[in-house]
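Residues: numbered from 1 along the sequence shown.
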Amino acid sequence: MDGYGWLHALSEHLHWRDLVMLSLTSKTNYHSLLEHVFHVVEPRDVVDCPPWVRACADHHKTYRLVQWCHLGIIWNVTSTITAKALLQHCVTLWGGAFKFSPRVALSQLKTTCWIKHLEVTYSQDLLPFLERTHVDTLIVHCFSRDSVAQLLTLTDINLHLTLSLKGQQAGIDSAGFIGLLLKDHDVITSLNLNGNCLRNEGTQAVASGLLASKSLTQLNLSNNFLSYIGADALNNALHANQHLALLDLSRNPLGDDSVEVIANALEANHSLTTLRLSEVGMGAVGMGRFAESLSRNTTLKDLNVSGNDLWSNEPVGVRRLIEGSALTSVNLSRCRLGVEGITAVGQALANPNCTLQSLVCSENQIGDDGVRHLVQSLTVNTRLQRLDVSHNVITAVGVEALGGLLETNSTLLALNAGRNPFGTLGSRLLANGLARNHTLEELSVHGCNLGPIGAQNLSHALIANQSLKSLWIGSNKIKSDGVSSMALAVMKCKSLKYLSVGPVDISNDDISRLRCARRSCTVDVIAPQQH
């Protein structure tokens, strides 16, 4: 392909109004294209301008292509670049956010530039750059009050701000500023006030702004010492506000009464889809009240109540939460469920009206009996796609039930059984099910005492499976023999795209062997995240 061949190919995929051309003074490859911002030029000023560019300009009766280009930037690339590689980056330029360094852009800008969509982190160079450009939509990530105040002086621009004051101990004064900001300017779309000592008074100030805001969609008030008074202010705001989609109140000493107040708001609010109430001092009684209110809400889909003590001999609230709501994702990790609680969860999952697709119940001491109760319910459940039972003292006895589930279940896409001591025997039982399963895409057996034989068992299952895409098998002391088995699986299981073998149980040479087995499979040394 000649130096302009890729440009001709690109023209076939774009409407003339979308034409954008770069002027590179040095040869480069496509990986560095987005690191440059280039000035607007006229076709007659471009050296060796391709004929089709001139014809295009003549057709529109203008040499200033900026009048009909979306971005108003002309490219003239002197190096040979394939059309396919360039088009992958054009998706970012035309279909998404245009991210760049204002300082570098300012040094390259020779005349006014038109940009349709610009997303950038605030810096002192941003405002001088904006004086030289025309931006239709501007998204700025801010980390201070002063940056917000400066940006509010901008006019004739569709401005959206995300503000994060995480851990800045901003206190009540900043809360008052934010409350007024939300009232007077519909520009803040995301607000993170995690760890700012707002207490109830500061929360009231933020809630007063939330009452009027039509732009805010995400609000994080976690770790701010708010209690009943602050919760009541949020209750009033959520009754009026029908725009907020995500609210995080985690690590606040709310207690059952405050949680009930928030729950009452959910009966009137129809915009909130994600609610995080991790470690808020909710008990089994509060869960019962919360579940009762949630049964009258149809919009909340994602709920995190991890780290709350929900233990009860009769866990009615947990069961009602799952079977009587419209939730699709629930995090119940570290809730002291025990066998009784997980049995109630299983009964809810067996209900044909249950809408849950993702369930996290790690660190609940459910043991072998608990996991068998859970698996029994999943024999009739056809909606659950993601299940996390990690850190639950499950041995080979319980894993046998999980293996049997994999043999028959065709809806589960992700299973996390990590940090359970089921060892080599458990790996064989789990592998038997995995070999017959052709729908599971993600599996974690991280830290399960598998050893080299366990790795060999899973290797054989992977070769037969041919559907798994991601596997976490780190911290299992699989040694060089286990690495050899896994390398064979990586080579033969064409579906596998990601393998975690970290962090410290195999050598760098072993990692290199795995990475060389098949280049299209990423081999990492990072432990899996808890979902």
Review point. Should Glu363 and Arg419 count as an ion pair when the cut-off is N to O under 4.0 Å?
Key: no
**Request:** Tell me, with the steps shown, if Met486 and Val501 meet side-chain contact (heavy atoms from CB on, under 4.5 Å).
**Result:** CA-CA 10 Å; Met486 292 309 301; Val501 292; 5.9 Å; no
TODO: Compute whether any side-chain donor of one residue and acceptor of the other, for Ser495 and Ser467, lie under 3.5 angstrom apart.
DONE: no
Under the 3.5 angstrom rule, does the side chain of [X] hit a backbone N or O of [Y] as a donor-acceptor pair?
X	Y	result
Thr274	Leu246	no
Asn196	Leu198	no
Thr355	Leu327	yes

Would you call [X] and [Y] a side-chain contact if the rule is heavy atoms closer than 4.5 Å?
X	Y	result
Leu226	Arg199	no
Leu266	Ser293	no
Leu163	Leu161	no

Contacts of Leu244 meeting side chain to side chain contact (heavy atoms under 4.5 Å, CB included) (sequence neighbours excluded), chain-then-number -> Leu210, Leu216, Leu219, Leu238, Asn241, Leu247, Leu272
Contacts table for residues 346-353: side-chain donor-acceptor under 3.5 angstrom, sequence neighbours left out:
| unit_1 | atom_1 | unit_2 | atom_2 | d |
| --- | --- | --- | --- | --- |
| Gln347 | OE1 | Arg319 | NH1 | 3.0 |
| Asn351 | OD1 | Asn353 | N | 2.8 |
| Asn351 | ND2 | Glu323 | OE1 | 3.2 |

Sorted by chain and number, sequence neighbours left out, salt bridge (charged side-chain N to carboxylate O under 4.0 Å, His left out) with Asp369 holds for Arg372
